[in-house]
Every structure is written in C-alpha cells, then in structure tokens.
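As structure tokens, the structure follows; a few thoughts come after it.
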Amino acid sequence: MIKLPDIRQKFTDIKEQVEQKVYHSYLLKHIDMPVIDEDKLLILVSIMDRLELSYNELKNYATTTMLIQIALDTHEHISNATVDEINRQLTVLAGDYYSGLYYKLLAESEDINMIRELSRGVKEVNEHKVSIYQKELNGIENLMTSIKKIESSLLVKFSGRFKVDLWNDFIVNLFFFKRLLFEKKLFLETGSSIMFESMKDFISPIKNLSVNKLSDNQQRDLLVICDRYLDSSKQFLIKGISQLPYLNDMLEARITSIINEHQPFAKSLVEEG
C-alpha cells in the first residue's frame, strides 16, 4: 500500500511547486522574488487534507489559489514613490503573469465553480483595496472590515467552494491579526503604514497631516486602537484552537507562534520604562 505524504511533506512539495511556477528568469532580474504567504498555503493544505481529494487535486487547487494570492500581493506592492517606472511596469507585468498562470491551471481542471468563487474573492479584495487607497471609508470599524476582506476573502471563497464554512471566522481573524501585527510593526519602525495613515484620518482634524507628524499622544492613541483589535482577534484565535475540528499539529504550532508575536503597546512602554 502506497503511503501518502503527511501534512508537512504536502506543504513542502506544494510550496516548491509554487516557487517553480512563479520563477521567471527575466522578471526576476529586475524585481524581487515574490513572497509566498506560507501561512495561507498551510491553511489551504489543512482545509483540503480532510477532504476526499486526490493528492494531485490537492496540489492543483493549492497551487492555483496561491498563484492568484501572489498576483494580488504583487500588485499591492507597487508604489511610484519607491520604484522607478521600468520596475513598476515589470511589477505590474509580473502580477498579470501570475494571474495568467492561475487561470490556465484552474481552467485545465475544468472546475467552473472554483473559478467562479475565486473570481468573486479577487473582486472583493480589489474593491476593498480601492476603498482604502481612495479614502472612501467612514470610520475605523469600516476600515478594519476592509482589511479583513483584503486578507481573507480569497480563502473564505475557497472554503465555501468545498462547503467547509466552519473555517471562515477563524481564517478571517487569523489573517486580520497577522496583518495588524505587520502594520503595527511597520508603523513603529518607520513612522507610517497604510493602515495607520487611514486610521489617522478618523482621529485627526487635519486630514492632510502625515501620521508621523501627529503628536505623541495621537500616535499612542492609534497604537491603543490597533491593540484593541489585536486583543479581540487573539481571544478568538485562542478559543478557536481548542474548538476547531481537524486542526493539525503543524497548523496549531504556527498559529500559536503568530499569537505570541503580539505584545500590547502599553505593556511595552511599562517594560521599557
């Protein structure tokens, strides 16, 4: 009897397959190798590991979904302020190239329902990105909802395709939590981030004032707000670890590691003082 690979081997094999798909010698001479979100890949593999799918089907679905995620991430990293025009155009081209690979592979599988669901996810992600960048949101709660959609819509649509919606709230909170950690770290290290710039508009009466020009108290207020959302999602994740069925050891260990990255700003001030 042939022994099927365990979750770690599946994850490693599929990650290598994704890396091979996104490798393009010309593009990578001019732009960075795209970053593969290993946590999203692990979630995909974990969801499908308990389904009645062949290993080839699991690999195809995970690879194609990660390609479209990479395309979305690549397009998001375009910034006229940080790259020259040629690199900007090549980054756009790379994102389109990864999207094309995704559609090609998924079309070959002839899974129209999956194509439909992931296309809806892409549409939802892009709509909420536009809302943030165009400052169309009204209130911090709407901002946080948009961030949740950007970080999890693709995976939520994916789980919906297989009717395993019990994963959805956990997915939303996990990747919302992870994005908040990233934005908070970026703000503390550089004095700015997309999320904090958007949050600033809801607490500062001076709309055209950059977030790094705010007073210390105003910046502290933003960090406290961020921590409040981090704490809420953290509690949800801790509870979910004990309640979510079929949570494999590899995924549980990774989620625990992410949770432990959060150190509340107020606590940091006390320790530094």
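Computed from a prediction, not measured in an experiment: that's the story for all the values here.
- Annotation for Gly121 and Ser153: closest pair O-CB, 3.9 Å, computed over non-hydrogen atoms.
- In plain terms, the two heavy atoms of Ile258 and Phe177 that are nearest each other are O-CE2, 3.4 Å.
- Using a distance-only test at 3.5 Å, with no hydrogens or angles considered, a donor-acceptor pair links the side chain of Ser159 to the main chain of Val156.
- A cation-pi arrangement, defined by a distance under 6.0 Å to the six-membered ring centre and an angle within 45 degrees of its axis, is absent between Lys200 and Phe202.
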query: What do the steps show when you test Gln17 against Asp13 for side-chain hydrogen bond (donor to acceptor under 3.5 Å, both in side chains), and what is the final call?
result: CA-CA 6 Å; Gln17 181 166 297; Asp13 290 348; over 6 Å; no

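- For the atom pair CG (Leu237) and NE2 (His262), the distance works out to 11.0 Å, reported to the nearest 0.5 Å.
- Looking at Lys184 and Asp227, their side chains come closer than 4.5 Å, going by heavy atoms from C-beta outward.
- At least one side-chain heavy atom of Glu16 sits less than 4.5 Å from a side-chain heavy atom of Thr12.
- Contact of the Phe187 side chain with the Met195 side chain is not registered, since no non-hydrogen atoms from C-beta on lie closer than 4.5 Å.
- With salt bridges taken as basic N to acidic carboxylate O contacts below 4.0 Å, one links Glu127 and Lys123.
- When the shell of 6.0 Å around NZ of Lys149 is examined, it contains 12 or fewer heavy atoms from other residues, nucleotides or ligands.
- Under the 4.5 Å side-chain heavy-atom criterion for Ile, Leu, Val, Met, Phe, Trp and Tyr, Val130 and Leu137 are members of distinct hydrophobic clusters.
- A distance below 6.0 Å separates the ring centres of Phe162 and Tyr61.
- Checked by atom type and distance alone, the side chain of Asn60 never pairs as donor or acceptor with a backbone atom of Asn56 at under 3.5 Å.
- In this structure, the separation between CG on Asn248 and CD1 on Ile7 is 4.5 Å, given to the nearest 0.5 Å.
- At a threshold of 4.5 Å between non-hydrogen side-chain atoms, the residues Ile36 and Ile70 count as touching.
- Put simply, the side chain of Ile150 does not reach to within 4.5 Å of the side chain of Asn126, judged on heavy atoms.
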query: Under the side chain to side chain contact (heavy atoms under 4.5 Å, CB included) criterion, do Met199 and Met144 qualify, and how do the steps go?
result: CA-CA 9 Å; Met199 289 169 61; Met144 296 305 177; 4.0 Å; yes

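- By the 4.5 Å side-chain criterion applied to Ile, Leu, Val, Met, Phe, Trp and Tyr, Phe182 is assigned to a cluster that also includes Leu186.
- At a threshold of 4.0 Å, the pair Lys185-Glu261 does not count as salt-bridged, since none of the basic side-chain nitrogens sits closer than that to a carboxylate oxygen.
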Verdict with supporting geometry, Leu44 and Leu58, side chain to side chain contact (heavy atoms under 4.5 Å, CB included): CA-CA 9 Å; Leu44 289 171; Leu58 187 153; over 6 Å; no

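- Side-chain contact between Glu151 and Val125: absent, with no pair of heavy atoms (C-beta onward) separated by less than 4.5 Å.
- In this structure, the side chains of Ile194 and Tyr133 come closer than 4.5 Å at one or more pairs of heavy atoms.
- To the nearest 0.5 Å, atom CG of residue Leu222 and atom CD of residue Glu183 are 12.0 Å apart.
- Rounded to the nearest 0.5 angstrom, Phe175 CZ and Lys148 NZ are separated by 14.5 Å.
- Heavy atoms only, all atoms of each residue included: Ile14 and Ala62 are closest at CG2-CB, 3.9 Å.
- Remark: the Gln235 side chain and the Asp231 side chain contain no N/O donor-acceptor pair separated by less than 3.5 Å.
- Of all heavy-atom pairs spanning Ile241 and Phe170, the tightest one is N-CE1, 4.0 Å.
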Side chain to side chain contact (heavy atoms under 4.5 Å, CB included) between Leu166 and Val164, worked out: CA-CA 5 Å; Leu166 75 165; Val164 285; 3.9 Å; yes

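- More than 12 heavy atoms of other residues, nucleotides or ligands lie within 6.0 Å of CG in Asn260, so this atom counts as buried by the packing criterion.
- Note: Tyr229 OH to Arg179 CZ = 15.5 Å, rounded to the nearest 0.5 Å.
- Between the Thr63 side chain and the Lys59 main chain, a donor and an acceptor come within less than 3.5 Å of each other.
- Interatomic distance, Leu244 CG to Lys239 NZ, rounded to the nearest 0.5 Å: 12.5 Å.
- Between the side chains of Asn113 and Glu117, not a single donor N or O lies within less than 3.5 Å of an accepting N or O.
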- request: Check step by step if side chain to side chain contact (heavy atoms under 4.5 Å, CB included) holds for Leu251 and Val45.
  value: CA-CA 10 Å; Leu251 181 57; Val45 175; over 6 Å; no

task: Apply salt bridge (charged side-chain N to carboxylate O under 4.0 Å, His left out) to the pair Asp49 and Lys10, showing each step before the final yes or no.
output: CA-CA 9 Å; Asp49 195 46; Lys10 290 176 182 177; 2.4 Å; yes

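- Ion pairing between a basic and an acidic side chain is recognised when a charged N comes within 4.0 Å of a carboxylate O; Lys178 and Asp39 show such pairing.
- Although no hydrogens or angles enter the test, the distance criterion places a donor-acceptor pair under 3.5 Å between the side chain of Asp37 and the main chain of Lys40.
- Looking only at distances, no side-chain donor or acceptor of Ser232 sits under 3.5 Å from a matching main-chain atom of Arg228.
- By the side chain to side chain contact (heavy atoms under 4.5 Å, CB included) test, Phe11 is found to be paired with Lys15, Glu38, Leu41, Leu42, Met250, residues two or more places apart in sequence or in another chain being considered.
- The shortest side-chain heavy-atom distance between Arg116 and Ser119 does not fall under the 4.5 Å cut-off.
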